Number of protein chains: 2
Amino acid sequence: MKGEIERYPLTGRFLMGRLRHALSDREKDILEDAVSDLREYPDGHRILARGELCHRSTILIEGFINRSIFENGRRYIVGIQVPGDFVDLHGFALKRLDHDIVTAGPARIGLIDHARLNELMASEPHLSRLFWFSTLLDAALHRQWVLKLEQLKANRRVAHLMAELWHRLAMVGLAGPTGFRSPLTQIDLADMCGTTPVHMNRAIGELRRLDVADFRRGTVSFDDRAKLERHGDFDATYLYGEGALHIGNELRE
Amino acid sequence: MKGEIERYPLTGRFLMGRLRHALSDREKDILEDAVSDLREYPDGHRILARGELCHRSTILIEGFINRSIFENGRRYIVGIQVPGDFVDLHGFALKRLDHDIVTAGPARIGLIDHARLNELMASEPHLSRLFWFSTLLDAALHRQWVLKLEQLKANRRVAHLMAELWHRLAMVGLAGPTGFRSPLTQIDLADMCGTTPVHMNRAIGELRRLDVADFRRGTVSFDDRAKLERHGDFDATYLYGEGALHIGNELRE
DNA sequence: CGTTGAATTGACACCGTTCAACGACAGTGG
DNA sequence: CCACTGTCGTTGAACGGTGTCAATTCAACG
């Protein structure tokens, strides 16, 4: 799996832990070569604005990106992406997005022109099918967020979010056995969970007291992952993973 | 637009008000003919269960269907579909869904085998592209639900939901100028908005007192649509409609 | 006319928001 | 070097939204 990133430094994490094994080497090469441009951005950079015409799509190589919406002077985060995610593939078919695409912490991205995607749609039906699959994965994540917002109180929502992020990062080899690093602040978590930063702080404090999870200066950590998942009513099936998670050594330093 | 339903009684509402105009007559015929089976179900019938292998997809012809999840002895609704929606197209690429597909009120559906869809993927790239588009529409709706769950209190959430449903029904010619009919109960609304039935009742009562909207025995009605939309912070752009809404005479009887 | 599920109402406890204040820390410029 | 500044994290207290439990009314239907 290490070789995958060396061989495909830009797109090696695309669908990793999911259906990447269904890609042939030829298809992986095609995808890697489709990246026409590389960018690095600092925290908080808006890559694409809500409503803006969209003529290329972003693949996230390193860092985090969130889907956010400003309304009534407040920010709401409706999704978050991790390395390997084809972030705004939705924009390829929809032309315009209903939300902003913004970096959370420093990020490195690759860009693929829609003109090139159109060629691939015609010449690479199997690859196209997997593009579709990856957007359906996003939809499944959205649904789970809807469910957890309807179902859980704040402290369990964060627990679920932490569990989800751990699994998604583990699938692409970026989680440690007892946690992961991320540039997310409590404010970010609050905006994802639909609470205020003040209350998020208390919710996190509760998780600490209950020994469910800890969150300090950009590191989420826990002793007992099963306990975290139980607390957040987390069930990984909606991530459509392969089961074999790739746990790196993010927290082993 | 009336002719569309007469000519394509099963699939005539697919993408109506959205990108249906992008379909050629030939493509419309192909889609209509792809429906291999017709079914009618009473209220509460589970068409497809969470986790179940899925080898055909459902297009909703008449009635309502919701995407629901049972967990911890409670039901949560993570999405609702109206006539013309290709309900579980997600299952075509994902194989299994993470939620149940259940009728809300009596419904009439058409079934399309995945084998047939596979043929269409190969022979009809343009049509396939619109299938993809329609699933991205679902994703956009999910995101908006996430946003409103994060952003609004119960009474405004219902207002938003009512506004959304009105627009979606209007696009397929099933809304009246001052409201629409639906078999949804207050319990259903509660399960969609993440509140309890008791509180949903008070929320609806508040909308009544404020003259924002009324809800009685299966009919949602309002005097001033703009007021309803303002109350629910509703902005129709995420529905990716064409602007020209087809208002029927549902409430004119 | 009795049954059933939906709609409604009241009382009370709990979750979450708001406003306000303070501590910790990093980056900046004098 | 230290003072200044801004952002994040933390805490307290008052207030308002929501959940829970319980009881009652209402409409639809056999």
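Just so it is clear: chains get the letters A, B, ... in the order the sequence lines come, proteins before strands, and each one is counted from 1. As the structure is a prediction and not an experimental result, all values here were calculated from the model.
As a whole-Å value, the separation of A/Asp188 CG from D/dG9 C1' is 13 Å. Atom CZ of A/Arg216 and atom C1' of C/dC25 are 14 Å apart (whole Å). Summarising the geometry, the separation between CD1 on A/Ile204 and C1' on D/dT11 is reported as 15 Å, rounded to the nearest angstrom. In this structure, B/Glu206 places its CD atom 18 Å from P of C/dA7, rounding to the nearest Å. Rounding to whole angstrom units, CD1 of residue B/Ile187 and P of C/dT4 are separated by 16 Å. Atoms CZ (B/Phe215) and C1' (D/dC26) sit 15 Å apart, rounded to a whole Å. Here D/dT18 presents its C1' atom at 14 Å from CG of B/Leu149, a figure rounded to the nearest Å. Taking atom CD of A/Glu150 as the reference point, atom P of D/dT18 lies 14 Å away to the nearest angstrom.
Using a 4.5 Å heavy-atom threshold, the side chains of A/Leu210 and A/Lys227 count as separate. The shortest distance between side-chain heavy atoms of A/Arg67 and A/Asp100 does not fall below 4.5 Å.
Residue A/Asp138 holds its CG atom at 6.5 Å from CG of A/Asp85, rounded to the nearest 0.5 Å.
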Reading 5' to 3' through nucleotides 12-24 of chain C, protein heavy-atom contacts under 4.0 Å coded B for base, S for sugar-phosphate only, - for none
---SBBBB-----
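Between the side chains of A/Thr58 and A/Asp88, a donor-acceptor pair is found at a separation under 3.5 Å. A/His160 and A/Asp233 share no side-chain donor-acceptor pair at under 3.5 Å.
Note on the helix from C/dC1-D/dG30 to C/dG30-D/dC1: terminal axis deviation equals 30°, with five pairs used at each end and the result rounded to 10°.
Remark: A/Glu164 pairs with A/Arg168 by the salt bridge (Lys or Arg N to Asp or Glu O under 4.0 Å) rule, at least two apart or across chains.
A distance-only check finds no donor-acceptor pair linking the side chain of A/Lys148 to the backbone of A/Cys193 [under 3.5 Å].
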Take A/His167 and A/Phe234, measure what ring pair (Phe, Tyr, Trp, His ring centres under 6.0 Å) needs, and give me the verdict at the end.
CA-CA 10 Å; A/His167 273 262; A/Phe234 178 85; 4.8 Å; yes
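Ring orientation note: the planes of A/Phe14 and A/Phe86 are nearly perpendicular, at an angle over 60° on the 30°/60° scale.
In terms of phosphate contacts, B/Gln186 brings a side-chain nitrogen or oxygen within less than 4.0 Å of OP1 or OP2 of C/dT8. At the phosphate of C/dA7, neither OP1 nor OP2 sits under 4.0 Å from any side-chain N or O atom of B/Asn201.
In this structure, B/Arg208 reaches the sugar-phosphate backbone alone: every heavy-atom distance under 4.0 Å involves primed, P, OP1 or OP2 atoms, never a base.
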